[in-house]
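Notes follow once the structure below has been shown.
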Amino acid sequence: MTLALSACLDLLRGNAVGAPVEVSRISIGGVERYIDMVEGAQWTDEDAREAALAAHPLMADERAFQQAVLDEVNAGALDRDRLKRLRQLGRNDGISNLGLSLAE
């Protein structure tokens with residue numbers, strides 16, 4: 001989280017053109033580490049791990065979320081309405097990219 005925030009601040013200062021890609025990688029990496037922690041003991045080799053990660057529902061959700069954000073950003077000028085939609089996307093109905101929610 002701190003690394004992602006730092007990358008965003010660098011981007012706002014104009015110091016890090018690649019910050020969005022870095023934040024994307026950090027987020028995907030967090031999902032990978034969570035899946036490894038919860039299910040990793042069952043994998044016998046790296047190929048099995050990679051296949052399981054690619055097929056995992058949390059990873060599919062993460063990729064779909066990132067694609068939705070990218071689509072919204074690329075849809076036109078970042079006006080007030082588009083920024084509002086991006087904030088709404090970011091809230092993700094109160095569910096984190098690890099499938100966690102405070103509502104439960």
Determine whether F65 and L70 fall in the same hydrophobic cluster, where Ile, Leu, Val, Met, Phe, Trp and Tyr are linked whenever their side-chain heavy atoms lie under 4.5 Å apart. no
With sequence neighbours left out, what residues match A48 under side-chain contact (heavy atoms from CB on, under 4.5 Å)? W43, T44, D45
Joint hydrophobic cluster, L58 plus I95, side-chain heavy atoms closer than 4.5 Å: no
V31/H56 under side chain to side chain contact (heavy atoms under 4.5 Å, CB included): CA gap, chis, key distance, verdict: CA-CA 10 Å; V31 174; H56 199 281; over 6 Å; no
For residues 50-60, which residue pairs qualify under salt bridge (charged side-chain N to carboxylate O under 4.0 Å, His left out), counting only residues two or more places apart or in two chains? none
With distance as the sole test, does Q66 use its side chain to make a donor-acceptor pair with the main-chain N or O of S24 at under 3.5 Å? yes
Taking side-chain contact (heavy atoms from CB on, under 4.5 Å) as the test, write out the residues that go with V38, two or more places apart. Y34
Taking side-chain hydrogen bond (donor to acceptor under 3.5 Å, both in side chains) as the definition, give me every residue that meets it alongside D36, ordered by chain and number, with sequence neighbours left out. R49
Which value, rounded to the nearest 0.5 Å, describes the distance between R33 atom CZ and L53 atom CG? 11.5 Å
side-chain contact (heavy atoms from CB on, under 4.5 Å) partners for R91, two or more places apart: R87, Q88
Does anything in residues 56-76 pair up under salt bridge (charged side-chain N to carboxylate O under 4.0 Å, His left out), and if so which pairs, sequence neighbours excluded? E72-R82, E72-R85
